[in-house]
**Student:** 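The structure's right below; bear with me while I get my questions together.
Whatever order the structure lists ligands and atoms in, that order sets their numbers, starting from 1.
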Amino acid sequence: MSPRVLILGLGHWGQTLAYLFEQQGCTVSCWGRSQGILSADLFQDIQLLVSALPIKAVREVAAQVAALQPPLGIILVSATKGLESETFATAADIWQTYCPHHDLVVLSGPNLASEIQQGLPAAAVVGGNSVATKQVQDCLGSTTFRLYSNADRRGVEMGGIFKNVIAIACGVNDGLGLGVNARSALITRGLVEMVRVGTHWGGQVETFYGLSGLGDLLATCTSALSRNYQVGWHLAHGKSLSQALALTKGTAEGVNTARVLCTYAQQHQLDIPITAMVNAVLSGHLTPQAALNCLLERPFKPEIIPSQ
Ligand SMILES: NC(=O)C1=CN([C@@H]2O[C@H](COP(=O)(O)OP(=O)(O)OC[C@H]3O[C@@H](n4cnc5c(N)ncnc54)[C@H](OP(=O)(O)O)[C@@H]3O)[C@@H](O)[C@H]2O)C=CC1
Ligand SMILES: O=C(CO)COP(=O)(O)O
């Protein structure tokens, strides 16, 4: 019998994942909020419960799921790349709180939905325990969607969360016409910030040099398909944040993530200058040009690249 999958969230990514699972012969059902509250019959005979919700929706939906007591054999797959505002929780943290006895994996990587929907090849990583990640690889992996596994679920998730902020910075960079050299510097120094915060958060250094860290940075920091990049681009062209968001179709998690990361970094005395400048531009405290000047005027220092 073909594996049965339930996808929560019918946005761009949820629909794309539904397409990928169907391509692999899975029987896919989907739930979006327009269908009303979840019902227990949706969980019947499913092997994978995939959440492709924006972070702002995860807690509400996870609470609904938990209340329906889904069978313990179901593996939860979280594909969200965001941080909850008040709690600093990742989507996996939230799912873990509500469904502590289910296997939980995180799916992340350089996966611009529009390219995948065109049938173009991509790779991603599934973070979690080996049995659960193997099952997701077997159901979802293919010759066009190559899936790696990684036991460092936290690191896999943090890479995907952090890169959205650096994608906004790169959209600003390109919108201001600052060139490929400057963008490359932002990506590389953004990676250092990702490692600094991500390891503090419990991820392993090596993970951030993989698909969900460096890989996703490269995709979203260099493609106008990225909604986060688009927000930065519009800001660089003089739009306010609300105008930039209105011009951007879909969720740009980096806007909220930049603010949450700055609060976290301040509390834990972590230095994340690019993220701080992105947040200053998003909150209207600095113009893109002034933020750039602040970055370039910082004192010179040794290039320290975290390696362990
Ligand atoms: N798009 C991509 O390329 C990728 C996205 N991701 C991540 O996946 C997540 C979802 O992104 P994406 O699908 O692109 O976003 P979209 O903006 O395309 O879709 C968001 C979906 O979430 C639904 N939603 C919003 N609020 C709620 C709520 N309170 N309860 C239930 N559903 C809600 C929306 O419903 P409605 O239509 O009714 O408003 C919409 O269907 C994000 O964390 C993103 O970072 C990860 C990898 C790739
Ligand atoms: O996460 C993504 C690609 O890996 C999607 O990026 P955006 O949310 O910026 O569009």
**Student:** Should D93 and R59 count as an ion pair when the cut-off is N to O under 4.0 Å?
**Tutor:** no
**Student:** Using a 4.0 Å heavy-atom threshold (strictly under), name the region of N228 that reaches ligand 2: side chain, backbone, both or neither.
**Tutor:** both
**Student:** Between L261 and L83, is the side-chain contact (heavy atoms from CB on, under 4.5 Å) condition met? List the steps.
**Tutor:** CA-CA 8 Å; L261 284 175; L83 279 178; 3.8 Å; yes
**Student:** Give the numbers and elements of all ligand 2 atoms closer than 4.0 Å to a heavy atom of K81.
**Tutor:** 1 (O), 2 (C), 3 (C), 4 (O)
**Student:** If every non-hydrogen atom of G155 is compared with every non-hydrogen atom of T207, which pair is closest and at what distance?
**Tutor:** C-CG2, 3.5 Å
**Student:** Please test T220 against N164 for side-chain hydrogen bond (donor to acceptor under 3.5 Å, both in side chains), starting from the C-alpha separation and ending with a verdict.
**Tutor:** CA-CA 7 Å; T220 38; N164 286 327; 5.2 Å; no
**Student:** Return yes when atom CD of Q266 has more than 12 non-hydrogen atoms of other residues, nucleotides or ligands closer than 6.0 Å, and no otherwise.
**Tutor:** no
**Student:** Show every donor-acceptor pair shorter than 3.5 Å between a side-chain atom in residues 5-19 and any protein atom, with sequence neighbours excluded, or say none if there are none.
**Tutor:**
unit_1, atom_1, unit_2, atom_2, d
Q15, NE2, L10, O, 2.8
T16, OG1, H12, O, 2.6
T16, OG1, Q117, NE2, 2.7

**Student:** Number the atoms of ligand 2 from 1 as they appear, then name those within less than 4.0 Å of a heavy atom of G109, with their elements.
**Tutor:** 4 (O)
**Student:** List every atom of ligand 2 that sits less than 4.0 Å from any heavy atom of N111, numbering the atoms from 1 in the order shown and giving each element.
**Tutor:** 3 (C), 4 (O)
**Student:** What short N/O contacts, under 3.5 Å, does ligand 1 make with the protein, listed by atom pair and distance?
**Tutor:**
unit_1, atom_1, unit_2, atom_2, d
ligand 1, 1 (N), R227, NH2, 3.2
ligand 1, 3 (O), N111, O, 3.2
ligand 1, 3 (O), A113, N, 2.9
ligand 1, 13 (O), H12, N, 3.1
ligand 1, 13 (O), W13, N, 2.9
ligand 1, 14 (O), R227, NH1, 3.0
ligand 1, 14 (O), R227, NH2, 3.0
ligand 1, 15 (O), T251, OG1, 3.3
ligand 1, 17 (O), T251, N, 2.9
ligand 1, 17 (O), T251, OG1, 2.6
ligand 1, 18 (O), H12, N, 2.9
ligand 1, 26 (N), R33, NH1, 3.4
ligand 1, 35 (O), R33, NE, 3.4
ligand 1, 38 (O), R33, NE, 3.0
ligand 1, 39 (O), R33, NH2, 2.7
ligand 1, 41 (O), G11, N, 3.2
ligand 1, 43 (O), K81, N, 3.0
ligand 1, 43 (O), E253, OE2, 2.6

**Student:** What pair of heavy atoms forms the shortest contact from I55 to T90, and how long is it?
**Tutor:** CD1-C, 4.1 Å
**Student:** Ring of Y229, cation from R227 - is the NZ or CZ under 6.0 Å from the centre and inside 45° of the axis?
**Tutor:** no
**Student:** Are F21 and T27 side-chain neighbours, meaning at least one heavy-atom pair lies under 4.5 Å?
**Tutor:** no
**Student:** Write out the residue and atom name of the closest protein heavy atom to atom 10 (O) of ligand 2, then the distance separating them to 0.1 Å.
**Tutor:** R227 NE, 2.4 Å
**Student:** Would you mind finding which of D216, I116, T248, L211 brings a heavy atom closest to atom 3 (C) of ligand 2?
**Tutor:** D216
**Student:** Could you work out, for atom 5 (C) of ligand 2, the closest of E253, K163, H12 by heavy-atom distance?
**Tutor:** K163
